[in-house]
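Reviewing the structure listed below.
All figures in this text were calculated on a predicted structure; none of them were measured in a lab.
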Amino acid sequence: MAGADLISTVVEKVGQAAFGNPLVTNVLRGQVVEAIVAMSLEPEWRWCAADYSGWDFERGDGLRLEVKQSAARQSWVSAKPSRATFDVAVRTGYNGDTSWVDTPDRPAHLYVFAHHPLTGDEVDHRDPHQWNFYVVPTAVLPPVKQLGIGQIEQLGRRCTFDRCCQSKANSSLDDAVRALGSRLSAQGIATRPLRPCGVF
């Protein structure tokens with residue numbers, strides 16, 4: 001088997017092992033959710049997540065978005081559903097193009113909090129329609145390290161992949177992000193990128 005074929009086989013086997021089952025381990029589930037968000041937001045937003053990057057998506061005007069996720073059912077056996085918590089701690093910095101940028105902050109302008117609430121046999125973390133999303137501006141986040149789902153629900157309107165559940169309009173996650181992004185841009189919050197945004 002040639003080198004390129006070997007690499008393709010390895011990639012296929014790793015992909016199947018990591019994402020071939022409905023229950024995705026917490027270590028890798030963030031990539032699944034980011035892929036779902038990318039399906040909704042691209043091409044207006046670019047997926048630029050990387051190791052120790054300060055945000056996961058970036059728009060052409062410099063608006064930056066961070067994705068956080070939590071699921072009630074895990075890939076391991078548990079007697080009860082996992083408590084939904086989201087890490088919102090201020091970072092000490094982020095990984096720039098060539099070096100570490102020492103800037104304690106929450107560098108994203110927007111957060112998308114994704115929650116998978118299901119616990120039955122129908123659970124599939126890879127299914128975009130099984131997730132709830134909450135789009136929240138960074139400016140309203142309290143100075144804490146973690147937020148529970150109850151707090152998130154008070155900060156942002158719940159949306160599904162297809163629509164916002166608490167809106168009369170048939171608004172999608174994409175629409176919710178676009179509306180809030182436009183509002184932040186109008187307020188002059190968006191800036192030019194702090195670094196070029198690559199492709200994940």
With the 4.5 Å side-chain cut-off for hydrophobic clustering, are [X] and [Y] part of the same group?
X	Y	value
M39	V177	yes
V140	L147	yes
V136	I36	no
V144	Y111	yes
W55	V101	yes

(request) May I ask you to test the L65-L41 pair for a side-chain heavy-atom distance under 4.5 Å? (result) yes

(message) Donor-acceptor check, side chain of R73 to backbone of G120, threshold 3.5 angstrom: yes or no?
(response) yes

Show the nearest heavy-atom pair for residues [X] and [Y], with the distance to one decimal.
X	Y	answer
L110	T138	N-OG1, 3.5 Å
V67	D56	N-OD2, 2.8 Å
V90	P104	CG1-C, 3.9 Å
R59	W45	N-CE3, 3.6 Å
Y134	G156	CD2-O, 3.4 Å
G54	P107	O-CG, 3.4 Å

(message) Check this for me: D87, atom CG, are more than 12 non-hydrogen atoms of other residues, nucleotides or ligands nearer than 6.0 Å?
(response) yes

(request) Could you tell me whether E122 atom CD has more than 12 heavy atoms of other residues or ligands within 6.0 Å of it? (result) yes

Scan the side chains in residues 15-28 for donor-acceptor partners under 3.5 Å anywhere in the protein, sequence neighbours excluded, and list what turns up.
residue, atom, partner, partner atom, Å
N26, OD1, R29, NH1, 2.9
N26, OD1, Q69, NE2, 3.2

(request) Apply side chain to side chain contact (heavy atoms under 4.5 Å, CB included) to N132 and I149, showing your working. (result) CA-CA 11 Å; N132 293 325; I149 187 61; over 6 Å; no

(request) Using distance alone, with no hydrogens and no angle criterion, decide if W47 and E34 have a side-chain donor and acceptor under 3.5 Å apart. (result) yes

(message) Tell me every residue that passes ring pair (Phe, Tyr, Trp, His ring centres under 6.0 Å) with H125, counting only those two or more places apart in sequence or in another chain.
(response) H116

(request) Return the set of residues passing ring pair (Phe, Tyr, Trp, His ring centres under 6.0 Å) with F133 (not counting sequence neighbours), or none when no residue passes. (result) none

How long is the span from the [atom1] atom in [X] to the [atom2] atom in [Y], to the nearest 0.5 Å?
X	Y	atom1	atom2	answer
I152	H115	CD1	NE2	10.5 Å
H109	R64	NE2	CZ	4.0 Å
Q130	L118	CD	CG	5.0 Å

(message) What I want to find out is whether R158 reaches E153 closely enough, with some N-O distance under 4.0 Å, to be called a salt bridge.
(response) no

(message) S82: which residues meet the side-chain hydrogen bond (donor to acceptor under 3.5 Å, both in side chains) condition with it, sequence neighbours left out?
(response) Q74

(message) So, using side chain to side chain contact (heavy atoms under 4.5 Å, CB included) as the criterion, who are the partners of T119 when residues are at least two apart?
(response) A72, P81

(message) Applying ring pair (Phe, Tyr, Trp, His ring centres under 6.0 Å) as the test, list every pair that has at least one member in residues 61-89; sequence neighbours left out.
(response) F86-F113

